[in-house]
Each structure stands twice: as structure tokens, then as C-alpha cells.
Amino acid sequence: MCGIMGYVGELNAVQIVYKGLEKLEYRGYDSVGIAYKDNFTVTIAKEKGRVMDLAPFVKNKSSDLAIGHTRWATHGEPNQQNAHPHCSNQNQFILVHNGIIENYQKLKVEYLSGYSFKSQTDTEIIVNLIEYFALTMPINEAIRKTMSLLEGSYACLVLDKKNLNCIYFFCDKNPLLLGIGKNGIALSSDITGLVGVADQYIVLEDKTFGIAYLNRYSLYDLIGLKINVKPKPILVTAADIDKKTFHHFMLKEIYEQPMMIRSILHKYFIGDEENISMKLLNKIRKCDKINIVACGTSMYAGMMAKYFFEKLCFMPAEVFCASELIYSTPLISKRPFFIFYSQSGETADVLAVMKKVKKQKFPMLAITNNVESSMGRLTDFCLDIYAGKEIAVASTKAYTAMIVVSAILARAISGIKTNLKSNLKGVSLAMEKVLHNKEICLGIAKELTDASDAFYIGRGIDYWVSLEGALKLKEISYIHTEAFPSGELKHGPIALIHKDTPVIAIITQEGTNRIIRSNLTETISRGAKGFVISSKSLSLPEDTFVIPNVAHYLSPLVSAIVVQLIAYYTALLKHNDIDKPKNLAKCVTVE
Ligand code: M6R
């Protein structure tokens, strides 16, 4: 959601920022803009639409200083006026902003009564406050004064037309990374923007203010004291964020899963022992209930985690939707433990709950693909899911990685030496076999493209994968898809079945095989087009996709690949923008 990019240095800043914005596209956005030093002034280009819409404006342009932005509209519709960068009234300052300023109306009334505003954004208030305070104080102080008044979240880059040697930057509760390269300094909302431009980076702490020059930078806290932070090497390479030979990141990421499981095993096992801190395990062992908090796909991974904690560790666990939990007051047990699942580590709904939990001093763990994210920094304990960078908005490998890490964590908590490791190796092989038979998913997709509604059904863990299958399909194919526990159909949803409604049943558990089949038959009798994804040992000759047998509690890892491929091919046949589906963002930083 929104992306920021800035560069000052010897290389061509216009092209670096333009390319950086392209790399940040995956975060989700609906308008785009760039500002660059042009002789002794600043040229601004902004558009509603895609980064490529800026191409004519930046073609053959060069500069040593530029900032850019991809905007996901919150305050004011996506249009050119609301797109960033925004200028102050006297045109001295130019600013890009990620985040939301909650008290912008109040600040407008209090400080900016004589000012005029060209957009409906909360952002314009920031750039004008800087200008207002800069009338009576040095720019550094004017920015810090502005920061002290802002409520909400922000990561900002500012250019000052009176001093076009540097980029000013500041942030609070919104990610901003400083990249240090041989030829200059870059700023970006995430590491992907820095790849190829910088070798080292610093994740800026909340309430940091800084200045970046061609070959140096300074960081300060809110009261103006200098901060020293040791930069870390950038380990993400251009190859990690490259589509390689795949047409879409989503397909590439689906294909990465078998290998990813092997590398997770490598990270989390030393021989037969789990490589997880004893301190964390003991903390969890002492609790009386595990509370799992997440959103979307991560929440569905959390449902599998609940199953592992209950079945393998005999510990009660409950899954909460973060956006619901924040506005409710559930009964909390005497010794709770909280686990937060998030691919990005920046999801606002999850962060809001984390902060509440932190205030109450309950122990917590974050399981994320971004250990340096806001969540990673807020939590007591953090486990990396080692999925590698996930670029497609529709999450695939992060889902399976979260499930794998949860299974390993559950084994470690239980202290029981099961053969999880070899079972997971079996899963990796089974995933490869599924990928080998991807044409079957293409066949199913052909039957789905004209549908207005589709349903996934299952029971128990098959139902939880159904939820994920339905989410994937609706996200990228735009077909209205729901998942139901198959036993619930007759209590209402079966009324929605009409001629040729696709119903996909997932059947991998012996105990529920017969009953799911019978529920599916009930829908077929009412006109539905039925499809069955089943485990080999339970399969019938007429089943649509037979997946290899794996340890029964790990089967969702394999059926997940099938539902991901079905969603992918359906979206492909519908010519949708698979990696950047409409209205969605990869990193959901607003509540
Ligand atoms: O970064 P997170 O895992 O916290 O994100 C949570 C959801 O926004 C995310 O899983 C979303 O549902 C994806 N688009 C699913 O494909």
C-alpha cells in the first residue's frame, strides 16, 4: 500500500526512482508521481494509473536528486490532483507521504487558516506545516516540529527548492529504509526498492528524522540528537525479485514451494533437533492458551497452526481475525500467549492488536516473512518463515511456509520426536508431483471462467484449505467464491446452487471422506458442476485431481498447491492482472 522511493547521488536519480517505483508496484497503488531536480528548480509529473504512465515524462531525463511515490487512495479518490508529490503553498517544499494523518483537519484549522489546498489528501497538510514553521525556524527544526504534531502514521521524503543538495526524510509507524550505495543514498518503503542501488541498509526507527546527501547521511531523533545505527548488508539480490522465465510472480512463487520447504527444514533443524530458542518454547509451554491473530491468508494459515498446537501439543488455541479482535473484548485466559502471523509484518489491523497486547504485557511471538518489519521490531520473539520475497499480491508460498514453521514450532513445544522432518520432505516431493500435473488445474479453470459464483467445500482441515482456495480464486479471478464446511450446505448455502455452479470438494481425511462426497452429491443433484481434489488413498476413479498421499495432518500443504493453480489459471484465462489484482494491496498499512 503506497510506496516511496528517493535517490540522491552520482547515478541518474530520475531513472533510479522510476525503476524503484516499478519494483514497489506489487505493494498496490492507483496513482503515481515523481519530482526531480531540474537545473535550479524541481519538475513534477504525476498521473492516475500505472508507473508506466510516467514513462513519457521521465524519458531521457536525468538528475542527481529525485523522489517518487505510488499512492493507494485513502483520503480523496485516485486522481492526478491527489497523487503525490504535493507542494507547499509557496512551492518551496515538495513532499511524498505514506500513511495516514489522523488529526489533519485539526492541524489545518489550528495552523494553516490562510493556506489553500489543491487536493483532498491529508498529506498536503504536512508539506504546508513544514513551510509554515520554516518561516520562523531552520528547516530541520521545522520538520521536527511538524513531526511532533502529527498523529497517525507517516514515512515522508521532502525536497526544499532552496537547498537542492539533499533529501529530508522522516517516519513514524510506517516503514522507511535508508540504502547506502557506492554512488549515492536511496530511500525506499521496502528492500526491493534498494536492490541494485545500495549495498547496505538501515531500517529507520519510529520518529526518526534524517538528511541524505550525495555521499553521506545523518539521522536524528525527535529532539534533534544524532543517532548512530550500524547499516546491514542487503542480502536480497536482483534475481530474488526477478520473474525469471515465469509470466507472473504468482506462478513463480507457487513453483518455489517445494524447494522452500527444504530450505525451511535446513534453517529450523539441526539434526533431529528444532533450532528454536528454549526461552520462547518455555514461555509458550507455561501459557494456558495460545491466541492466534492475523488477517486473510495468514489467518487461514493460523487455523492450521491451531490444529497443530491442539493435536500435537495438547494446548488450547483460538484464531482471531485481527480487525475484529481490535474492536472486541474477548475473555482472555489467565496465562495467555499471543502469536501473530503476517507475511509483510506491516498489516495495520494486526499491528493494532499487537500494540494492545504489548501494553497489557502479555508474551507474544510474530511469525513473519519480514523479521525487520514493524511487527518484528515490536514483538518479544520472532520466527522467520524463510519464504523469500513474495511479490504477487495473492499470497501463496507465505501461506505454506507459515504452516510448515507452525508444525515445526508445535513439535518443538511438545518435545515429542515425531518424524515431521521426513514427512515434510515427503510433502515437498508431493508438491512437485502436483506441479507436474498442473494441466489438470488448467482444465478445472476452463470450467470456472464463465461462472458468476463458485464454492469450495470440505470438513476440518480440508475446510480450512477451502477457505484459502476461495480467497485465492476471488482475489484474482474476481469470481464470487465462498468456502463452506460441507455439512453446512443444507443449512442455507445450498440455496445458491443452480445449473452449472462449480463446487470444488477437498477430501484428504479418511474420517470425512464419505460424508463430504455425499454433501457434494447433494449439490450435483441440484445442478452443480462438481470437482473433487482427493488424496490418493481415498480417491475414486472419477475424481478430478488426485494428490499424492502425505502424513494426513500435512495434506493441506499439498492441496494448497492445487487451489493456488486453479486460481492462477482461471485468472489467466480471464486475462486479469494476476500479480496486481484490482483494489488489493500487498502490504495493507491502513486499518
Ligand atoms: O501481510 P499479511 O500476511 O499480514 O497480510 C494479510 C492479508 O492482507 C493477506 O494475506 C491477503 O489476504 C492476501 N492478499 C492474500 O492473498
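Counting starts at 1 for both ligands and their atoms, in listed order. The residues of the chain are indexed from 1 along the displayed sequence.
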Note the single closest protein heavy atom to [atom], along with its residue, its atom name and the distance in Å.
atom                    : value
atom 7 (C) of ligand 1  : Cys295 O, 3.8 Å
atom 8 (O) of ligand 1  : Val588 CG2, 3.9 Å
atom 13 (C) of ligand 1 : Glu475 OE2, 3.4 Å
atom 1 (O) of ligand 1  : Ser344 OG, 2.7 Å
atom 4 (O) of ligand 1  : Thr347 OG1, 2.4 Å

Side-chain donor-acceptor pair under 3.5 Å between [X] and [Y], yes or no?
X      : Y      : value
Ser395 : Thr297 : no
Asp190 : Tyr26  : yes
Gln564 : Glu253 : no

Checklist entry - Should one rank Ser342, Ser395, Gly296 by closest heavy-atom distance to atom 12 (O) of ligand 1, which comes out on top? => result Gly296

Item to check | Lys/Arg cation over aromatic Tyr386: Lys267, 6.0 Å, 45° cone | outcome: yes

Item to check | Lys/Arg cation over aromatic Tyr29: Arg50, 6.0 Å, 45° cone | outcome: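 Yes, cation above the ring, under 6.0 Å and within 45°.
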
Item to check | Proximity flag Lys472 to ligand 1, non-hydrogen atoms under 4.0 Å | outcome: yes

Checklist entry - Contact between Val393 and ligand 1, counting heavy atoms under 4.0 Å? => result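 Distance cut 4.0 Å: Val393 passes for ligand 1.
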
Item to check | Region of Glu346 engaging ligand 1 - heavy atom pairs below 4.0 Å | outcome: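 Under 4.0 Å from ligand 1, Glu346 contributes no heavy atoms.
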
Checklist entry - Where on Thr297 is there a heavy atom closer than 4.0 Å to ligand 1, on the side chain, on the backbone, on both, or on neither? => result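 Both of them.
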
Item to check | Atoms of ligand 1 close to Ala394 [distance to a heavy atom under 4.0 angstrom, numbered from 1] | outcome: 16 (O)

Checklist entry - Going by the order shown, which atoms of ligand 1 are within less than 4.0 Å of some heavy atom of Ser298? => result 2 (P), 3 (O), 10 (O)

Checklist entry - Can Glu390 and Lys397 be counted as an ion pair, charged N to O under 4.0 angstrom? => result no

Item to check | Cationic N near anionic O, under 4.0 Å, Arg377 to Glu372 | outcome: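 No salt bridge links Arg377 with Glu372.
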
Item to check | Closest non-hydrogen atom pair, Met304 against Ile403 | outcome: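 Smallest interatomic distance, heavy atoms only, reads CG-CD1, 3.8 Å.
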
